[in-house]
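Computed from a prediction, not measured in an experiment: that's the story for all the values here.
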Amino acid sequence: MRYELIIFDNDGVLVDSEPISNTLLAAYLTELGHPTSYEESLRDYMGSAMHRVHDLVEERTGQPLPADFDEVFHARVFAAFERELEAVPGAVQVLEKLAADGVPYCVASSGSHERIRVGHRTTGLDRWFDEGRVFSSQDVGRGKPAPDLFLYAAERMGVAPEKCVVVEDSPLGVQAAVAAGMDVYGFTAMTPADRLAGATRLFSDMGQLADLLV
């Protein structure tokens, strides 16, 4: 294994949550008078922390989102997760292989700790992630595309940035990994390859990742 730590993004990489959450986000923003399509939600917000939604809406419209926006949105998302969420095909096999080979790994997500845990519990991925392997944008001052979250995860796991690889599916995540001085493998199952052009390597089948990392 050429890397000493594998850092996974969560949404779209481990759990197939992006279609669910972006459908709901587009609908809720539209409901609040900020017409947004599913495609626009993916383009503008995929891979980002919630503060980006607030910042972009206020920047574009001059109007802040309601104070309870995050609470209402997450309630809708978690309810949908309980009904619909599944692990990304191949994710379990990758985690099994890394665990069997003793390769350190963790998750570093723009989502809240609660969102990560709900998703993992619903899909059964929680068995692979104890508390020491879970990092959220809540843990740092700035979310992606700032490198802070990935640098924080590497520090907590005791691995130098240049010995880490990040697995990402969003342009913001790729930017953050590059800014952190880490290699990044871009997962193109949902994101066009040209939008992840800054990645060290691109791949489309999560089940192949363990072999690609050797």
Side-chain angles (χ1 to χ4, degrees), residues 1-17 47-49 87-113 115-117 119-120 123-189 191 193 196-214:
M1 183 69 65
R2 74 182 77 172
Y3 301 105
E4 295 182 11
L5 177 64
I6 318 301
I7 304 177
F8 290 96
D9 176 42
N10 190 54
D11 294 291
V13 169
L14 294 175
V15 296
D16 194 17
S17 54
S48 68
V88 167
V92 169
Q93 291 90 327
V94 170
L95 294 170
E96 286 177 341
K97 181 77 164 63
L98 294 177
D101 292 346
V103 178
Y105 64 88
C106 65
V107 61
S109 172
S110 292
S112 65
H113 278 282
R115 179 185 172 117
I116 298 167
R117 283 302 179 198
H120 286 188
T123 58
L125 293 183
D126 54 341
R127 63 178 293 202
W128 306 106
F129 291 95
D130 56 41
E131 288 296 332
R133 296 180 190 266
V134 177
F135 306 102
S136 161
S137 61
Q138 288 180 311
D139 301 326
V140 295
R142 298 181 299 167
K144 307 169 190 178
D148 304 37
L149 176 57
F150 291 141
L151 292 172
Y152 176 75
E155 179 184 10
R156 289 291 301 271
M157 296 293 290
V159 178
E162 63 270 19
K163 296 180 180 179
C164 300
V165 62
V166 176
V167 184
E168 263 289 354
D169 71 330
S170 76
L172 293 175
V174 169
Q175 291 174 46
V178 171
M182 301 176 180
D183 281 358
V184 53
Y185 281 30
F187 183 43
T188 61
T191 308
L196 302 179
T200 310
R201 186 168 190 168
L202 299 173
F203 72 106
S204 61
D205 183 349
M206 188 58 65
Q208 297 177 346
L209 178 61
D211 293 334
L212 297 176
L213 292 170
V214 176

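Counting heavy atoms from C-beta outward, Arg127 and Leu95 have side chains that stay 4.5 Å or more apart. Using a 4.5 Å heavy-atom cutoff, the side chains of Cys106 and Leu5 are in contact. Side-chain contact check for Val88 versus Phe8: every heavy-atom pair is 4.5 Å or farther apart. The closest side-chain heavy-atom distance from Val166 to Asp9 is not below 4.5 Å.
Closest heavy-atom contact between Gly119 and Val15: O-CG1, 4.0 Å. Minimum heavy-atom separation, Ala154 to Met182: CB-CE, 3.8 Å. Annotation for Val174 and Ala199: closest pair CG1-N, 3.7 Å, computed over non-hydrogen atoms. Minimum interatomic distance between Gly47 and Ser170 (heavy atoms only, all atoms of both residues): CA-OG, 3.7 Å. In this structure, Gly143 and Ser137 approach most closely via the heavy-atom pair CA-CB, 4.3 Å. Heavy atoms only, all atoms of each residue included: Gly111 and Arg115 are closest at CA-CD, 4.0 Å.
Distance check, rounded to the nearest 0.5 Å: CE of Met157 to CZ of Arg133 gives 5.5 Å. With values rounded to the nearest 0.5 angstrom, Gln93 atom CD is found 12.0 Å from Gln208 atom CD.
Under the rule for a side-chain contact (heavy atoms from CB on, under 4.5 Å), the partners of Val134 that lie at least two apart in sequence or sit in another chain are Val107, His113, Ile116, Arg117, Phe129. Judged as a ring-ring contact (aromatic ring centres under 6.0 Å, His included), and not counting sequence neighbours, the contacts of Phe187 are Phe203. Qualifying salt bridge (charged side-chain N to carboxylate O under 4.0 Å, His left out) partners for Glu155, counting only residues two or more places apart in sequence or in other chains: none. For Ser48, the side-chain contact (heavy atoms from CB on, under 4.5 Å) partners two or more places apart in sequence, or in a different chain, are Tyr45, Arg52, Leu172. Applying the salt bridge (charged side-chain N to carboxylate O under 4.0 Å, His left out) test to Asp16 and every residue at least two apart in sequence or in another chain returns nothing. Residues satisfying the side-chain contact (heavy atoms from CB on, under 4.5 Å) criterion with Thr188, sequence neighbours excluded, are Ala193, Leu196, Leu202, Ser204. With sequence neighbours excluded, no residue forms a side-chain hydrogen bond (donor to acceptor under 3.5 Å, both in side chains) with Ser136.
Sorted pairs that involve residues 158-182 and meet ring pair (Phe, Tyr, Trp, His ring centres under 6.0 Å), not counting sequence neighbours, are lacking altogether. Sorted by first and then second residue, the pairs that involve residues 88-98 and meet salt bridge (charged side-chain N to carboxylate O under 4.0 Å, His left out), not counting sequence neighbours, are Lys97-Asp101. Pairs engaging residues 164-189 under the salt bridge (charged side-chain N to carboxylate O under 4.0 Å, His left out) rule: Lys144-Glu168 [sequence neighbours left out]. Screening residues 200-214 for salt bridge (charged side-chain N to carboxylate O under 4.0 Å, His left out), with sequence neighbours left out, gives no hits. Residue pairs that meet the ring pair (Phe, Tyr, Trp, His ring centres under 6.0 Å) test with at least one member in residues 142-179, sequence neighbours left out, are Phe135-Tyr152.
Not a single donor-acceptor pair under 3.5 Å links the side chain of Ser17 to the backbone N or O of Asp11. Although no hydrogens or angles enter the test, the distance criterion places a donor-acceptor pair under 3.5 Å between the side chain of Tyr105 and the main chain of Trp128.
Test Val165, Ile6, Val13 against Tyr185 for side chain to side chain contact (heavy atoms under 4.5 Å, CB included) and you get one pass: Val165.
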